[in-house]
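Below: one structure, written as structure tokens.
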Amino acid sequence: MDISHKTILLAEDDPNDEELFRQAIAQANINCRVEVARDGEELMRYLFGTADQRRVEPGADIDLVLLDLKMPKLNGLQVLTVMHNAHGAGHEHAPPIVVFTSSDAEQDVSTAYDLGAVSYVAKPVTHGRFVETVQQLVIYWLGVNRRAPRRRQRGASWASTTS
Amino acid sequence: MNRLAMGKAVEILLVEDNPGDVRLTLEALHEGKVKNNLAVARDGEEALAILRRHGPHAGAPRPDLILLDLNLPKKDGREVLAEIKADPELKCIPVVVLTTSKSEEDVLRSYELNANCYITKPVDLEQFIRVVRAIEDFWLTLVVLPHVDG
């Protein structure tokens, strides 16, 4: 299964977990691109662009968002709330957001689903399970699930409409 | 806490009118690693009756996961999805759309209606079983499912 052209956006403030994540996909010969956002604000910039350079289609270049709930600046549930409120504004084109976090508190789980996370995966504590979980998760969402199609190009790129 | 951790069987509702696909799904899940109970609804109306525990389904358990075909008799899968996601008691149950439709419009419409996942059924038998196993491996072993009352 060729997923080399796909991109995961990993929202993760812990560099150790990022390193583990990269090792896990390398071990499984999954050669997709991985972008990292260290906090919720950075994640928002990836998805929506910056104030003076808004993206026409949030997250169009991303195939999967993996969201840690405990992040600085804007936490995972706040990020989901922003995405949820953008509903109706092309939300159906957005990349799937999978919560990947250390908490499995019932309240966090149900809130995340209510706010539109497509699934919720608890980070395993042991190294071996962590690697297996990452591999299965990535293969499922990039290889088995069908992502929503991007919006059709309307003949003009963002740059050409503003110049 | 997920059902698995509590040692309970995972309740799955399969909404599918094609007997061949029902049989294959049952077989694939039966041989799987995780204890599960599969209820089958043959059309959209039956699916909603089971979910809302109407009539003969009064004692039906709330499913932890729904596998939903789109093209169904009586009530179409898209309508079923819309009703599930508009119902405060049902909306947090993950819905995996599992259909032969490859149409972009169906994919978009499903996500618009808050489907959790969209999978096109492979025509090939072995591929089909592999896909059901992948669904099982992901949703029944990795995922923390929301707590559903009942």
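Proteins get letters first, then strands, A, B, ... in listed order; numbering begins at 1 in each.
- Side-chain polar atoms of B/R42 and B/N18 form no donor-acceptor pair below 3.5 angstrom.
- Contacts between A/Y120 and chain B at a heavy-atom distance below 4.5 Å involve backbone atoms as well as side-chain atoms.
- For the set B/D137, B/V95, B/V97, the count of heavy-atom pairs under 4.5 angstrom toward chain A peaks at B/D137.
- With a 4.5 Å cut-off on non-hydrogen atoms, A/P149 touches chain B through its backbone and its side chain both.
- In summary, A/E132 and A/R129 engage in a salt bridge, as defined by a charged side-chain N under 4.0 Å from a carboxylate O.
- Using a 4.5 Å cut-off between heavy atoms, A/D114 touches chain B through its side chain atoms alone.
- Contact of B/I93 with chain A is not made at all, since no heavy-atom distance falls under 4.5 Å.
- Neither the backbone nor the side chain of B/K85 comes within less than 4.5 Å of any heavy atom of chain A.
- Using a 4.0 Å cut-off between charged side-chain N and carboxylate O, B/R53 and B/E89 make no salt bridge.
- Within a 6.0 Å sphere centred on NE2 of A/H5, other residues, nucleotides and ligands contribute more than 12 heavy atoms.
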For this session: Step by step, work out the side chain to side chain donor-acceptor pair (under 3.5 Å) result for A/S110 and A/E106.
Result: CA-CA 6 Å; A/S110 57; A/E106 207 170 274; over 6 Å; no
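- Within the 4.5 angstrom heavy-atom criterion, no atom of A/A112 approaches chain B.
- Counting heavy-atom pairs under 4.5 Å between each of B/L113, B/L108, B/I119 and chain A puts B/L108 at the top.
- Checked for salt-bridge contact, B/K74 and B/E46 miss the test: no charged N lies under 4.0 Å from a carboxylate O.
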